[in-house]
Amino acid sequence: MTKLPDTVRLEGGCLEIIDQTLLPGQIKILRLRTKEEIYYAIRQLKVRGAPAIGVAAAIGVYLAALDIKVNNFEDFYDRFLLAKIYLNSARPTAVNLSWALDRMEKCLLNNSENPVDEILNSLKNEALAIWTEDIEVCKKIGENGLQILEKNSGILTHCNAGQLAAVRYGTATAPIYRGHELGYNFKIFADETRPLLQGSRLTAFELDAAGIDVTLICDNMASAVMRQGKIQAVLTGCDRVAANGDTANKIGTSGVAILAKYYNIPFYICAPSSTIDLGSRSGADIKIEERDSLEVTEMWFHERMAPEGISVYNPAFDVTDAELISGIITEFGIVKAPYAQNLPAMIAG
Ligand code: MRU
């Protein structure tokens with residue numbers, strides 16, 4: 001593993017995060033205290049990746065609760081809800097955000113008979129439990145994912161579902177890190193992932209720093225490397241899995257899945273069960289975030305790379321149809337089609 005600090009953590013009464021907008025050039029730790037600072041850190045992708053924003057929001061709503069200086073439960077709950085709704089509005093697609101915040105609210109309600117300082121203590125413990133579970137769950141995804149991978153395989157990944165997208169191990173990278181420990185000799189291809197370059201800035205950075213053989217490719221090169229026989233499996237993370245197995249992940253993922261099907265390469269999604277949203281019936285129910293046009297027109301070059309005033313469509317995620325997904329690797333095992341039947345069964349245990 002890369003010797004990076006944990007991506008998110010509660011330390012000294014603050015949310016500590018690595019500012020991912022500065023990577024790979026600079027490793028800078030930010031110490032955030034207010035809900036506004038935490039909201040903007042999520043919104044501006046200083047902390048990003050579905051599991052990481054869930055953990056950040058859980059710690060964030062705990063820190064916000066510390067600032068509610070009332071002793072009466074009803075008033076405390078009202079203000080907690082305002083902070084929860086505010087943090088939940090930072091980004092729409094990754095369900096881990098609302099999952100973690102709902103869990104924090106449930107914890108509060110389970111303690112409604114207790115004095116406010118005891119409720120605060122329970123909220124802190126719940127945020128820390130969400131943090132610890134993320135580490136354990138990703139480790140299990142690593143063990144389960146390794147079962148479908150052969151030694152010496154070429155593996156393509158898209159965006160960053162690595163340690164920078166979770167607390168410590170990542171989801172799609174967890175089998176890669178585990179295989180690396182066991183001498184599997186994987187050769188990883190990382191899509192650069194336009195427009196925000198999470199693949200080159202984050203995935204290539206963290207895998208390279210961990211001593212893993214990683215080759216960066218532009219998004220339009222995936223077909224060529226598949227055709228050359230360099231890819232034996234595709235592993236990506238995801239932001240929300242609908243009940244029928246349709247899966248939202250970083251824009252470009254569905255194209256990679258279509259290519260993988262054409263070249264007969266298995267395409268696996270890696271996801272903690274907290275990313276499965278049985279409330280979304282299919283991909284059509286998943287809200288896709290649209291982001292600022294400047295991410296496409298001028299953010300990454302010294303000169304503008306598009307005409308002034310050009311219309312831009314900048315969806316941050318897309319939906320991969322369930323039929324393109326060979327399996328969903330979770331902490332409980334690998335779920336296969338029919339997803340509408342097997343996902344609820346896996347969640348129910
Ligand atoms: O916009 P981002 O960088 O938050 O998008 C992240 C992704 O799409 C990841 O692949 C996804 O959240 C899974 S992270 C384990």
Side-chain angles (χ1 to χ4, degrees), residues 7-8 17-21 23 41-57 90-100 133-135 137-142 145 156-177 190-207 219 234-241 247-257 267-277 283 286-292 295-296 299 314-320 325 328-331:
T7 305
V8 273
I17 59 166
I18 302 174
D19 183 346
Q20 299 193 34
T21 60
L23 291 172
I42 295 173
R43 177 106 212 103
Q44 297 166 350
L45 313 193
K46 291 177 189 295
V47 57
R48 35 66 53 203
I53 62 178
V55 177
R91 295 191 75 190
T93 306
V95 71
N96 304 62
L97 187 60
S98 55
W99 170 85
E133 284 167 29
D134 179 84
I135 297 172
V137 159
C138 288
K139 268 193 197 169
K140 286 185 187 143
I141 290 173
L156 179 74
T157 189
H158 190 75
C159 192
N160 174 266
Q163 72 180 98
L164 289 162
V167 174
R168 202 173 285 175
Y169 297 104
T171 59
T173 54
I176 295 170
Y177 284 126
D191 282 345
E192 66 175 350
T193 315
R194 278 275 290 153
L196 291 179
L197 307 180
Q198 289 92 334
S200 56
R201 293 188 305 104
L202 309 176
T203 303
F205 164 72
E206 67 164 80
L207 294 180
D219 294 343
V234 179
L235 294 182
T236 78
C238 69
D239 289 80
R240 193 182 293 242
V241 181
T247 292
N249 190 45
K250 179 52 55 197
I251 190 75
T253 304
S254 66
V256 175
F267 174 93
Y268 282 92
I269 292 286
C270 298
S273 55
S274 53
T275 307
I276 296 167
D277 176 22
I286 300 176
K287 182 167 168 49
I288 300 293
E289 176 180 14
E290 282 184 41
R291 295 185 60 86
D292 198 315
E295 293 177 349
V296 176
M299 203 163 159
N314 184 17
F317 300 92
D318 64 20
V319 172
T320 299
I325 298 172
I328 299 175
I329 302 169
T330 75
E331 70 271 32

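The basis for the numbers below is simple: all heavy atoms, side chains too, and nothing from hydrogens, waters or symmetry mates. Start at 1 and go down the list; that is how both ligands and their atoms are numbered.
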When rounded to the nearest 0.5 Å, the distance separating OG1 of Thr236 from CG of Asn249 is 4.5 Å

Would you mind running through ligand 1 and noting each atom that sits below 4.0 Å from a heavy atom of Ala50? 12 (O), 14 (S)

Side chain to side chain, Asp191 and Leu156, heavy atoms closer than 4.5 Å: yes

For ligand 1, find out whether one of its N or O atoms is nearer than 3.5 Å to an N or O atom of Ala161. no

Which ligand 1 atoms are under 4.0 Å away from a heavy-atom of Asn160? 9 (C), 10 (O), 14 (S)

Going by heavy atoms in the side chains, are His158 and Val234 under 4.5 Å from each other? no

Logged contact type for Cys159 with ligand 1, heavy-atom cut-off 4.0 Å, is side chain

Please determine whether any non-hydrogen atom of Ala94 lies less than 4.0 Å from an atom of ligand 1. no

Within-4.5 Å side-chain heavy-atom neighbours: Arg201 and Asn160: no

Ligand 1 versus Pro51, non-hydrogen atoms closer than 4.0 Å: side chain, backbone, both, neither? side chain

Taking atom 11 (C) of ligand 1 as the point of reference, which of Ile53, Leu202, Asp239 owns the nearest heavy atom? Asp239

Salt-bridged, Glu133 to Lys140, with N to O below 4.0 Å? no

Distance from atom 14 (S) of ligand 1 to nearest protein heavy atom, with residue and atom: Ala165 CB, 3.5 Å

Top protein contact for atom 4 (O) of ligand 1, by heavy-atom distance: Arg91 NH1, 2.7 Å

Donor + acceptor pair across side chains of Ser254, Asp318 (<3.5 Å): yes

Side chain to side chain, Val167 and Pro51, heavy atoms closer than 4.5 Å: no

Ligand 1 to Gln198, heavy atom cutoff 4.0 Å, flagged ligand atoms 1 (O), 2 (P), 3 (O)

Atoms of ligand 1 under 4.0 Å from any heavy atom of Lys250, numbered from 1 in the order shown, are 1 (O), 2 (P), 5 (O), 8 (O)

Any N or O of Asn249 that comes nearer than 3.5 Å to an N or O of ligand 1? yes

Please examine the side chains of Val8 and Asp134, heavy atoms only from C-beta on, and report whether any two atoms are closer than 4.5 Å. no

Would you mind checking which non-hydrogen protein atom is closest to atom 6 (C) of ligand 1, with the distance to 0.1 Å? Arg48 NH2, 3.4 Å

Shortest protein contact, atom 15 (C) of ligand 1 (heavy atom only): Thr171 OG1, 3.1 Å

To the nearest 0.5 Å, how far apart are CD1 in Ile286 and SG in Cys238? 9.0 Å

